[in-house]
S.K.: 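My structure is below; once you've seen it, I'll send some questions.
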Amino acid sequence: MSLPTKVKIVEVGPRDGLQNEVQNVPVEVKVKLVEMLVDAGLTSIEAGAFVSPKWVPQMAASAEVYQQVTKSPGISYPMLVPNMRGLEQAIECGVEEIALFAAATETFSQKNTNCSIEESITRFTDVVARAQTESMRIRGYISCALGCPYEGDVDFDVVTMLTQSFHDIGCYEISIADTIGVGTANKAQALFEQVAKVIPVDQLAGHFHDTYGQALANIYAVLQCGIAVIDSSVAGLGGCPYAKGATGNVATEDVVYMLDGMGIETGVDMDKLLDAGVYINEFLDRAPVSRAANALLKKKAS
Ligand code: HMG
Ligand code: MG
């Protein structure tokens with residue numbers, strides 16, 4: 001068993017997390033959250049999405065969020081882009097990194113982006129070609145890689161094919177996502193082992209939701225395959241508007257607690273991360289869902 005000595009955490013709370021919130025989160029709250037996460041030591045923070053506001057109203061003011069965040073050197077602020085229209089907005093805002101996404105099942109692809117898997121490949125190929133002329137860094141996501149809310153089991157060959165497509169067109173990293181959190185450790189490991197046979201493992205990331213309480217087990221399983229990039233969401237924010245039952249992404253606090261305990265470096269300051277979680281939970285009027293955050297905050301208060 002070999003484990004990485006360092007893990008990069010991609011913080012997706014301000015986009016993947018907040019996109020599912022019904023109450024409007026004002027631009028200044030999102031900006032402050034992103035800046036607190038940078039202060040906590042996170043180096044890649046997905047700050048918003050240039051998607052249709054009719055589809056995901058919460059992301060409507062993403063251009064303002066991106067523009068108002070004080071950019072720190074060496075930090076990436078990827079923005080989610082579904083099509084050419086979204087890319088044009090990213091270009092107008094001077095975005096340096098975008099994230100594209102495709103789904104591993106036809107039904108989810110239709111529900112999430114109103115197109116088939118094949119059409120999504122054509123769409124993102126065109127978007128990448130244009131984004132490369134702007135020297136953007138491009139990340140890819142494969143949603144529903146371990147299960148689909150509409151179709152159930154997912155064919156690992158489709159996940160592998162999509163990952164290969166993202167890789168071949170020039171994504172520097174592809175995040176394989178268990179969007180509805182149904183995966184378990186052996187299955188997660190089998191999928192990542194299969195994909196890592198065709199894509200260099202240092203270009204893969206794991207993105208787990210904690211719907212069934214399996215996220216940390218799945219992360220531990222894929223770390224053993226050599227995965228050293230993990231997506232997570234401060235305060236466990238999240239879900240997906242097109243994936244019924246998908247609760248939050250794994251909480252960044254839980255991931256950092258586990259990795260700290262394993263002696264794996266993340267560069268994240270837990271106290272400052274807790275502050276960011278408290279800030280957004282207070283705004284949303286919500287108790288922390290992160291078990292680690294809950295315990296650490298109670299310990300601090302006692
Ligand atoms: P569509 O309705 O097929 O689009 O949606 P269209 O091209 O037919 O255009 C319809 C209207 O939308 C037009 O406006 C366009 O201008 C507008 P109208 O003429 O009616 O006034 N439009 C846009 N507006 C703003 N930004 C755009 C844009 N594109 C078109 N980019 C579309 C197709 C892809 C746009 C839509 O399906 C969409 O926005 N989908 C995004 C859904 C989404 O954000 N889902 C959540 C993210 S994925 C996720 O969370 C999973 C992930 O995090 C991994 C995980 O957690 O597991 C990645
Ligand atoms: Mg997610």
Side-chain angles (χ1 to χ4, degrees), residues 9-21 46-63 66 78-93 95 98-105 108-117 119-120 122-124 126-127 130-131 139-149 154 159 162-163 166 171 173-183 188 191 205-211 215 218-219 230-252 255:
I9 296 181
V10 176
E11 170 59 52
V12 297
R15 192 282 302 173
D16 194 7
L18 292 182
Q19 73 182 5
N20 213 35
E21 293 299 331
E46 209 170 71
F50 295 118
V51 297
S52 163
K54 285 183 197 142
W55 287 61
V56 186
Q58 185 64 257
M59 289 292 112
S62 287
Y66 186 83
M79 299 291 284
L80 196 77
V81 160
N83 57 9
M84 204 56 97
R85 168 84 197 274
L87 179 66
E88 279 156 14
Q89 289 173 260
I91 293 169
E92 269 171 45
C93 290
V95 168
I98 57 168
L100 308 176
F101 56 108
T105 65
F108 196 83
S109 184
Q110 291 290 352
K111 299 263 184 199
N112 199 30
T113 47
N114 203 21
C115 69
S116 67
I117 295 176
E119 283 162 342
S120 75
T122 311
R123 247 185 222 181
F124 64 64
D126 294 345
V127 169
R130 174 88 174 87
R139 192 169 196 253
Y141 281 108
I142 319 290
S143 303
C144 294
L146 283 164
C148 170
V154 165
V159 179
L162 280 169
T163 312
F166 271 134
C171 291
E173 187 170 280
I174 301 108
S175 178
I176 297 181
D178 183 10
T179 308
I180 54 169
V182 287
L191 174 62
H207 181 119
F208 294 98
H209 283 235
D210 209 21
T211 321
N218 291 338
I219 291 171
I230 297 294
D231 300 353
S232 63
S233 196
V234 65
L237 295 172
C240 175
Y242 299 99
K244 276 206 175 63
T247 57
N249 295 277
V250 63
T252 308
V255 176

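These values consider heavy atoms only, across backbone and side chains, with no hydrogens, waters or symmetry-generated copies. Indexing begins at 1, ligand by ligand and atom by atom, following the structure's order.
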S.K.: Is any side-chain heavy atom of V154 closer than 4.5 Å to a side-chain heavy atom of L146?
M.R.: no

S.K.: Quick check on contacts: which atoms of ligand 1 are under 4.0 angstrom from a heavy atom of L80?
M.R.: 47 (C)

S.K.: In terms of atom number and element, which parts of ligand 1 are under 4.0 angstrom from non-hydrogen atoms of A177?
M.R.: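 Result: 54 (C), 55 (C), 57 (O).
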
S.K.: Record the part of D16 in heavy-atom contact with ligand 1 below 4.0 Å; permitted values are side chain, backbone, both and neither.
M.R.: side chain

S.K.: What atoms in ligand 1 come closer than 4.0 Å to a heavy atom of T179?
M.R.: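 By the 4.0 Å cutoff, the relevant atoms are 55 (C), 57 (O).
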
S.K.: Please list, in number order, the atoms of ligand 1 under 4.0 Å from a heavy atom of N83.
M.R.: 27 (C), 28 (C), 29 (N), 30 (C), 31 (N), 35 (C)

S.K.: Just heavy atoms, cut-off under 4.0 Å: does R15 contact ligand 1 by side chain, backbone, both, or neither?
M.R.: side chain

S.K.: Would you say I98 and V127 make side-chain contact, with heavy atoms under 4.5 Å?
M.R.: yes

S.K.: Check each of E46, R85, E119, Q110 against atom 16 (O) of ligand 1 and report the one with the nearest heavy atom.
M.R.: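 The option holding the nearest heavy atom is R85.
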
S.K.: Side chains of C93 and F50, heavy atoms from C-beta outward: is any pair under 4.5 Å?
M.R.: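 When only atoms from C-beta onward are counted, F50 and C93 do touch, with a gap below 4.5 Å.
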
S.K.: Rounded to 10 degrees, what angle sits at the Mg ion (ligand 2) between H207 NE2 and N249 OD1?
M.R.: 90°

S.K.: As an exercise, identify every atom of ligand 1 less than 4.0 angstrom from a heavy atom of K54.
M.R.: 18 (P), 20 (O), 21 (O)

S.K.: Checking side-chain contact (heavy atoms from CB on, under 4.5 Å) against S232, which of V255, L237, V12, N249 comes through?
M.R.: V255

S.K.: For a side-chain contact (heavy atoms from CB on, under 4.5 Å) with D231, tell me which candidate from R139, E46, E11 qualifies.
M.R.: R139

S.K.: Side chain, backbone, both or neither: which part of P82 has a heavy atom under 4.0 Å from ligand 1?
M.R.: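 The answer is the side chain.
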
S.K.: If the cut-off is 4.0 Å to any non-hydrogen atom of T113, which atoms of ligand 1 fall inside it?
M.R.: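 Counting from 1, the qualifying ligand atoms are 33 (C), 34 (C), 37 (O).
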
S.K.: Quick one, M59 and L80 - any side-chain contact, counting heavy atoms below 4.5 Å?
M.R.: no

S.K.: Show the atoms of ligand 1 that are less than 4.0 angstrom away from any heavy atom in F50.
M.R.: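 Here the atoms of ligand 1 in question are 26 (N), 27 (C), 31 (N).
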
S.K.: As a check for students: among Q19, R123, E88, H207, identify the option with a heavy atom nearest to atom 34 (C) of ligand 1.
M.R.: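 The residue whose heavy atom sits nearest atom 34 (C) of ligand 1 is R123.
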
S.K.: Compare every heavy atom of I117 with every heavy atom of L162, then report the nearest pair and how far apart it is.
M.R.: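 L162 and I117 have their closest heavy atoms at CD2-CG2, 3.9 Å.
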
S.K.: Does ligand 1 have any atom that is closer than 4.0 Å to a heavy atom of P53?
M.R.: yes

S.K.: Check whether any side-chain heavy atom of H209 lies under 4.5 Å from a side-chain heavy atom of D16, and answer yes or no.
M.R.: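 Result yes, sub-4.5 Å side-chain heavy-atom pair found.
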
S.K.: Using distance alone, decide if ligand 1 has a nitrogen or oxygen within less than 3.5 Å of any nitrogen or oxygen in Q89.
M.R.: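 Yes - when backbone and side-chain N and O of Q89 are compared with those of ligand 1, one distance drops under 3.5 Å.
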
S.K.: Can you find a non-hydrogen atom of S143 under 4.0 Å from ligand 1?
M.R.: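 Yes.
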
S.K.: In terms of ring plane angle, is the pair H207 and Y141 parallel, tilted or perpendicular, where the classes change at 30° and 60°?
M.R.: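 Perpendicular.
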
S.K.: Which single N/O/S atom of D16 lies at minimum distance from the Mg ion (ligand 2)?
M.R.: OD2

S.K.: Who are the side-chain contact (heavy atoms from CB on, under 4.5 Å) partners of A103, not counting sequence neighbours?
M.R.: F108, S109, S143

S.K.: For V56, counting its heavy atoms only, list the atoms of ligand 1 lying under 4.0 Å from any of them.
M.R.: 42 (C), 43 (C), 44 (O)

S.K.: With side chains defined as the heavy atoms from C-beta onward, is the minimum distance between Q19 and V51 less than 4.5 Å?
M.R.: no

